[in-house]
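Okay, structure first, notes after.
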Protein chains: 2
Amino acid sequence: MPKLTIRDIAQLAGLSKSTVSLVLNNSPKVDPATRDRVLEVMRSHNYTPSTAATALAKGRTPFIGMIVPGLTWHMVAAVNWGVASVIEQSPYEIILYTSTNEKDYSSLVERIRASGLSAGLLVVTHDQPLDPLEKLHRAGLPVVLVNTLGTPSTLPSVQADNYEGTRTALRHLAELGHTRIACVQGLMAYECCQERYRGYLDGLSNAGIEADPELTVDGSFHPPTIRERVTELLARRDRPTAIVAQNDNTAYAVMQAVIDCGLRVPQDVSVVGFDDIASSADTHPPLTTVRQPFPEMGKAAARLLLETIDGATGDAGPVRMSTSLIVRESTARAAKKPFRKARPPAAGPDAAPRTWSGLGPNVSRTS
Amino acid sequence: MPKLTIRDIAQLAGLSKSTVSLVLNNSPKVDPATRDRVLEVMRSHNYTPSTAATALAKGRTPFIGMIVPGLTWHMVAAVNWGVASVIEQSPYEIILYTSTNEKDYSSLVERIRASGLSAGLLVVTHDQPLDPLEKLHRAGLPVVLVNTLGTPSTLPSVQADNYEGTRTALRHLAELGHTRIACVQGLMAYECCQERYRGYLDGLSNAGIEADPELTVDGSFHPPTIRERVTELLARRDRPTAIVAQNDNTAYAVMQAVIDCGLRVPQDVSVVGFDDIASSADTHPPLTTVRQPFPEMGKAAARLLLETIDGATGDAGPVRMSTSLIVRESTARAAKKPFRKARPPAAGPDAAPRTWSGLGPNVSRTS
DNA sequence: CTGAAAGCGCTTACAG
DNA sequence: CTGAAAGCGCTTACAG
């Protein structure tokens with residue numbers, strides 16, 4: 001059976017195409033009785049108007065483009081979940097663009113522009129340059145960023161409140177009696193890391209703790225480096241009793257290093273992460289961390305984009321989403337002195353029972 | 001500046017729309033010189049034909065739909081990477097549908113059908129019922145499954161060779177001298193788990209090892225259960241020297257349990273996973289596992305779909321993709337007796353230095 | 001090899 | 001409140 005057209009419906013209802021179209025666009029000019037009749041005919045014949053024809057006639061498309069990085073991130077999935085839940089309530093569908101590498105990035109953006117397929121663009125940022133997007137936006141295509149790295153940009157964007165998040169984590173540690181609190185920095189080229197670091201510094205000072213420069217180390221989000229730095233920190237006589245990491249994966253490496261030094265989390269050293277990716281609930285011990293509200297960030301970005309497409313203006317700077325501190329078991333009251341002695345991490349695979357974590361979702365259904 | 005139309009190009013080139021259209025569809029009937037001129041005009045004016053108009057006139061759409069589960073899976077990202085790399089070479093774009101819960105599933109499929117937007121459908125399966133898709137397929141819409149759970153279906157699908165993958169893992173263990181090899185089953189309702197189990201059994205028998213029913217335990221992909229079962233296994237006098245798990249996340253729980261019993265991986269017990277998700281390269285010790293070629297599965301599925309859309313027929317049953325055994329450090333030669341004694345896992349957070357893993361990608365760039 | 005004409009399925013003034 | 005007509009930007013026989 002060939003797909004029904006508006007002409008078929010008109011015929012079946014004994015009306016003109018015009019009227020059917022008015023019903024389709026629920027114009028108030030149509031007689032209610034007529035409208036109901038048309039609606040009934042459509043329903044009973046399972047009619048759906050052709051998207052292509054509608055798009056052509058109306059001169060606008062029912063798609064929003066979404067660019068996601070071609071990587072394996074909890075974040076992308078979580079953001080997408082939020083985006084999808086908003087867009088599925090709208091008349092739009094999502095066209096998925098995966099940016100597999102930075103080189104192709106501007107040609108991807110160009111392709112999107114040229115196709116004219118998208119009424120707006122949602123971009124989950126990565127490391128890529130933002131100027132192609134800014135040009136596009138200036139040319140009139142609404143663009144909204146889910147800006148997890150906090151890359152400075154004039155584009156409307158949604159991002160977590162990195163500063164406040166970290167400050168809250170510091171308050172938590174201070175309340176637990178910690179005064180020697182170290183920070184393992186991520187990549188300070190990223191704005192989000194700078195913000196988190198400012199949150200660390202101000203969190204210390206709010207608690208009346210003087211920052212000790214020796215307790216700030218650069219981990220560059222690189223586990224081996226982090227393990228080294230943390231081992232050095234723990235070898236100090238005035239070693240820290242708490243360590244904040246700039247993301248969860250980093251916090252895992254910190255915990256690893258603590259254990260490798262023969263110390264315990266959280267009895268000897270408390271550890272705090274940032275992100276709250278799925279696995280952090282299942283580590284041993286479960287990680288205390290600052291949750292980025294990824295699904296909500298996706299929702300907010302999608303809503304913002306839809307509003308912009310519908311003609312809203314206000315470029316009121318980035319939308320800051322509140323984080324929340326998820327207190328689990330990697331933080332505890334600061335240990336009393338004297339300290340349990342740290343021992344240098346064992347070398348070689350045979351040196352000691354290797355440590356291990358039960359990381360992973362509680363039920364992992366695949367495969 | 002308003003978007004250029006085919007009429008503008010025709011005018012600029014001093015030709016009719018018809019000819020320009022023929023160039024667009026690279027008809028051989030056009031004079032080469034003419035064609036080049038038209039192409040040049042298009043290029044210099046940055047012309048791209050309207051997708052909507054083309055779709056309407058041609059009566060077919062340039063989209064393929066992709067349904068992904070709304071979950072946080074390494075798998076989805078990896079499959080998508082493969083799909084994207086194939087589709088971006090084709091004239092199609094991907095419309096992303098996220099199935100957030102099973103209840104809405106058939107209405108989602110119905111929405112896709114009704115919209116008529118997709119020329120074909122790629123489905124990353126989850127737990128959902130497959131009949132709505134089968135109906136759709138019978139109604140003429142090409143559908144291809146990336147069937148990670150191995151759910152039986154008449155639909156064309158791509159899936160890993162679960163049987164052979166596990167058999168290979170068993171050969172690896174046998175070669176290392178293991179004869180007491182346990183299997184922690186996942187959810188046996190899934191075909192993929194049954195296949196893997198058959199691979200385990202046949203792998204044993206190929207190595208001349210008689211299967212000991214006591215060494216098969218049900219873990220249901222549930223870490224707490226798994227830790228319990230493994231602890232019981234290790235308490236046996238004739239405990240296994242190797243354990244195969246039916247996926248990586250499960251293997252993590254197995255390793256956790258081994259360590260908690262005071263034993264070492266791999267010196268006392270070798271552990272093998274299945275999947276090779278990203279984190280498995282960074283566990284301590286790195287996990288030996290059977291890799292599912294997710295990106296390749298995505299590519300194969302995308303290619304299969306494109307071929308089907310282009311009129312290929314052959315429903316030759318599921319495409320089986322070869323797995324590969326990734327040997328890392330969680331497997332080693334079987335220990336000589338006498339065994340190191342297992343001790344029951346310590347209870348309570350203070351009982352012993354808690355174990356930990358450095359899980360996570362080596363560089364974790366977010367955030 | 002190129003052009004004029006009709007058509008894809010819808011929308012939108014414009015009449016009535 | 002409803003209908004006839006023109007148009008959205010392309011394609012596709014059909015002439016020539």
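Bear in mind the structure is a predicted one, so any value in this text is a computation, not a measurement. Each chain gets a letter, A, B and so on, in the order the sequences are listed, and its residues count up from 1.
Mapping A:R60 and A:L56 onto DNA chain C by nearest heavy atom places A:L56 closer to the 5' end of the strand. With DNA chain D read from its 5' end, the first of the two nearest nucleotides for A:K17 and A:L22 is the one closest to A:L22. The residue among B:T54 and A:D31 whose nearest nucleotide of DNA chain D is located toward the 5' end is A:D31. Taking the nucleotide of DNA chain C with the nearest heavy atom to each of B:L15 and A:S21, the more 5' of the two is matched to B:L15.
When every heavy atom of A:A55 is checked against every heavy atom of B:A52, the shortest pair comes out as CB-CB, 3.8 Å. Taking all atoms of both residues into account, the shortest heavy-atom contact from A:L117 to A:F63 is O-CB, 3.4 Å. Across every non-hydrogen atom of B:R320 and B:A160, the tightest pair is NH1-O, 3.0 Å.
Listed by residue number, the members of residues 45-53 of chain A with any heavy atom below 4.0 angstrom from DNA chain D form an empty set.
Under 3.5 Å, the side chains of A:Y190 and A:D127 contain a donor-acceptor pair of N or O atoms. For the residue pair B:S16 and B:T19, a side-chain donor N or O sits within less than 3.5 Å of a side-chain acceptor on the partner. Side-chain N/O atoms of A:K58 and A:N25 include a donor and acceptor closer than 3.5 Å. With no hydrogens or angles considered, no side-chain donor-acceptor pair links B:S153 and B:N147 at under 3.5 Å.
Using a 4.5 Å cut-off on side-chain heavy atoms (C-beta onward), A:S106 and A:Q128 make no contact.
Base engagement by A:S18 is indicated by at least one non-hydrogen atom pair under 4.0 Å involving a base atom. Residue-level contact check: B:T5 touches the backbone only, with heavy atoms under 4.0 Å from sugar-phosphate atoms and none from bases.
When both distances must be under 3.5 Å, the Watson-Crick or G-U wobble mate of C:dG16 is D:dC1.
Read 5' to 3', the first and last nucleotides of DNA chain D with an atom closer than 4.0 Å to a heavy atom of chain A are D:dC1 to D:dG9.
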